[in-house]
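First up is the structure itself, then whatever we jot down about it.
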Amino acid sequence: MTARHVHPLTLLFNWGRSLRDNWVLLLLMLLQTNWIMARWWALLLAGLYIAGVVLLPVVRYVTFTYALEDDMIVVHSGIFERKHTHIPYARIQTIQQKQAWYMRPFHLMALIIETAGHQEDEPEAELNAVPVAVYDELTAKQQASRQRGSSPAEEPADQVSAPADPAEPKHSAPPAAPDEGSATTPTLDSIAAMLAASDRPATVSGEAHYKINGRDLNLYALTSLSLFPFLIAIVLGYPKIAAEIPARFTAQVSRGVASALLILAGVLIGLLVLLALITYLRLLTRFYGFTITRTGDDITTQRGLLSRNTVTTKVQRIQAVRLSQSILRRLFHLTTIQALLASRAAEDESDDELVLLPVSRTATWQQVKALTGYGTGAAPEWQRPPRRTQWYQLRNAFLLSLVPTIPLMIWLRPWGYGALLLPLAAIWQGWYAGAHRGVSIDRQRDELYALHGRWFTQATLIADHQQIQSVALHQSIWMRSRHLAHLEINVRRGNSNDEFAIRYLPEDAAVNVYQWFTEEQRIHVVTTPVPEP
Amino acid sequence: MDQLEKLPERIKTVWRADAVADAGWLLVPLAAAIYVVYWRHWPVWLLPLAGALLVIVPLVQLVLVPYRYTFTGYRIRPESVELRSGFIFRKQESIPTTRIQNVTIEQGPLLRWQKLQAVRVATASTSAKIDGVEPAEAERLRAAILKLALEVRDDR
């Protein structure tokens with residue numbers, strides 16, 4: 001019950017961060033004191049600097065407290081405007097433990113707790129440095145609170161272990177996201193579900209453990225498409241520069257200019273190599289020693305070399321599963337398995353997905369099943385659109401690429417012709433996107449599988465009926481006569497929406513999905529699932 | 001795809017009024033055109049261009065109102081809300097009632113004048129809007145969702 005401060009070392013970290021973020025201010029201050037000799041001015045600046053950079057973190061630290069209560073974690077913060085955040089344990093979507101290298105000797109880590117709330121950019125609770133034991137305390141409290149079942153707002157889902165039988169429901173409560181904000185009223189049904197859940201023997205359904213090996217990690221980092229711009233620039237650029245510059249300048253200007261340019265080009269290429277190396281090393285350190293463990297409903301992923309990052313979530317929190325494979329990784333048969341969650345679980349702001357497995361070589365669908373309970377363990381029987389519809393995507397990509405290409409060719413005459421590569425890339429991309437499309441419905445498991453290609457990456461979405469927020473059909477007047485339609489599936493992802501579109505499907509296939517989503521009668525009172533002998 | 005319900009006839013009046021009101025924004029380019037032509041001595045043809053914009057844009061919108069009316073539909077059932085719009089680019093969307101997080105009833109001055117209510121239905125990630133329905137219909141939707149929230153659980 002007692003409110004605690006985070007570890008005093010936080011102050012040191014905060015000062016460090018404050019200094020780092022405000023180095024411009026310091027520089028400005030030093031410059032100012034040199035140039036303008038008025039002493040009061042220098043004093044004022046120094047005072048402001050000390051107040052802002054040195055004292056503010058202290059006040060922040062003193063006013064920031066947290067308490068692990070029986071049913072919730074409470075965070076008090078703010079100097080003038082006090083903010084008290086109450087997070088019931090049952091509402092926690094993900095718990096992230098981050099241990100930077102400098103925290104390790106002190107047995108400290110950062111705890112980041114997120115719910116499904118729509119709060120922009122900020123996690124609901126961020127404890128910058130707490131003893132490692134706090135995490136254990138938190139999970140113990142969470143466990144105790146769940147077992148007591150005292151909180152009426154708690155979903156019974158947390159007690160249901162994922163079933164082994166594919167015919168049984170994966171979750172017996174509404175998805176995690178919709179309960180955000182709105183307090184779920186305890187009803188006879190929810191109580192029935194809770195009872196049903198506690199009656200059921202704890203199935204040993206979810207036991208899985210994977211660890212990345214060095215070779216896979218290396219391949220994963222090497223095949224990252226973010227390396228590509230650098231590599232292309234190096235491979236295409238260097239021979240060209242090396243050949244062009246001396247030829248152009250030896251005759252006309254002096255040799256000195258040519259060699260200077262050559263050195264400049266060398267520096268540029270060196271910089272590119274360095275950037276590529278940094279990108280590669282960054283991925284390597286981020287996913288170093290990646291492990292994922294599933295025990296019952298709990299999923300825990302661990303990764304990172306310098307900063308050890310551990311994310312804990314529950315199977316029930318998964319909004320959808322996404323498999324992705326870029327054209328490059330396809331060559332090596334590497335697939336990435338990600339889980340879409342209703343909170344930001346990743347380190348980067350741009351990453352809303354939790355990576356379940358960076359590299360999956362074989363038996364991807366079995367791994368999906370073992371880790372998340374989604375799918376049957378085998379690839380679905382894709383319903384593929386006819387080949388002729390591939391042409392439409394190719395055409396669209398080509399026409400779109402003309403928008404920048406034509407002006408470039410008209411106004412940037414000699415170099416603009418390089419833009420001709422754009423339509424070629426677009427045709428390839430359109431062809432690629434067209435070739436990777438498909439849908440499949442598993443009526444028994446009530447799951448939808450969708451496949452599309454985008455930016456030379458094919459993605460498969462595996463979503464439960466309950467987790468799909470809405471489905472839309474798009475059909476232009478020209479598509480109507482050809483009986484084609486675009487299918488749009490919306491699932492929650494991070495704090496926003498993930499729109500998964502499959503374009504130019506045969507109308508009946510698209511309508512089939514739409515009707516599966518809309519028409520089927522699935523509103524009925526909770527029935528106790530009978531465990532099969 | 002079968003027939004959905006149409007919006008009340010009075011929504012046409014709202015859309016027409018909307019089209020005219022929206023044209024108010026086009027006074028800005030007109031004012032800018034007057035300024036540059038008279039004080040900055042830019043080409044005079046900018047003036048009729050801005051003027052034509054002011055007339056043509058709302059006119060097109062007005063002409064399209066019957067089409068918009070014909071091809072806009074909705075259906076509110078206990079289990080789902082469906083929306084359709086557009087003719088050249090048609091969109092039909094389905095939102096199961098169990099996914100609806102909240103229903104917002106919006107009523108601007110134009111809708112109030114016609115005694116209609118716009119209904120915005122939000123899920124955990126998306127939202128959709130019905131431009132205008134009878135207040136009784138909005139109430140029906142609200143009641144259906146409340147009933148579901150209290151009584152039934154989606155258990156599949």
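In this text, all values refer to a predicted model and were calculated from it rather than measured experimentally. Each chain gets a letter, A, B and so on, in the order the sequences are listed, and its residues count up from 1.
When the ring-ring contact (aromatic ring centres under 6.0 Å, His included) test is applied to B:Tyr69, no partner is found at least two apart in sequence or on another chain. When the side-chain contact (heavy atoms from CB on, under 4.5 Å) test is applied to B:Leu62, the partners found at least two apart in sequence or on another chain are B:Arg16, B:Ala19.
The 12-atom threshold is not exceeded at OH of B:Tyr38, counting heavy atoms of other residues, nucleotides or ligands nearer than 6.0 Å. Heavy atoms from other residues, nucleotides or ligands lying under 6.0 Å from CZ of B:Arg40 number 12 at most. Heavy-atom contacts from other residues, nucleotides or ligands closer than 6.0 Å to CZ of A:Arg395 number more than 12.
Atoms CD and CD1, on A:Gln475 and B:Ile88 in that order, are 13.5 Å from each other to the nearest 0.5 Å. Taking CZ of B:Arg99 as the reference point, atom CD1 of A:Ile468 lies at 7.5 Å (rounded to 0.5 Å). Atom NE2 of residue A:His474 and atom CD of residue B:Glu93 lie 7.5 Å apart, to the nearest 0.5 angstrom.
Looking at every heavy atom in both residues, A:Ser476 comes nearest to B:Phe89 through CB-CD2, 3.7 Å. The shortest non-hydrogen separation linking A:Arg492 to B:Ser125 is CA-CB, 3.8 Å.
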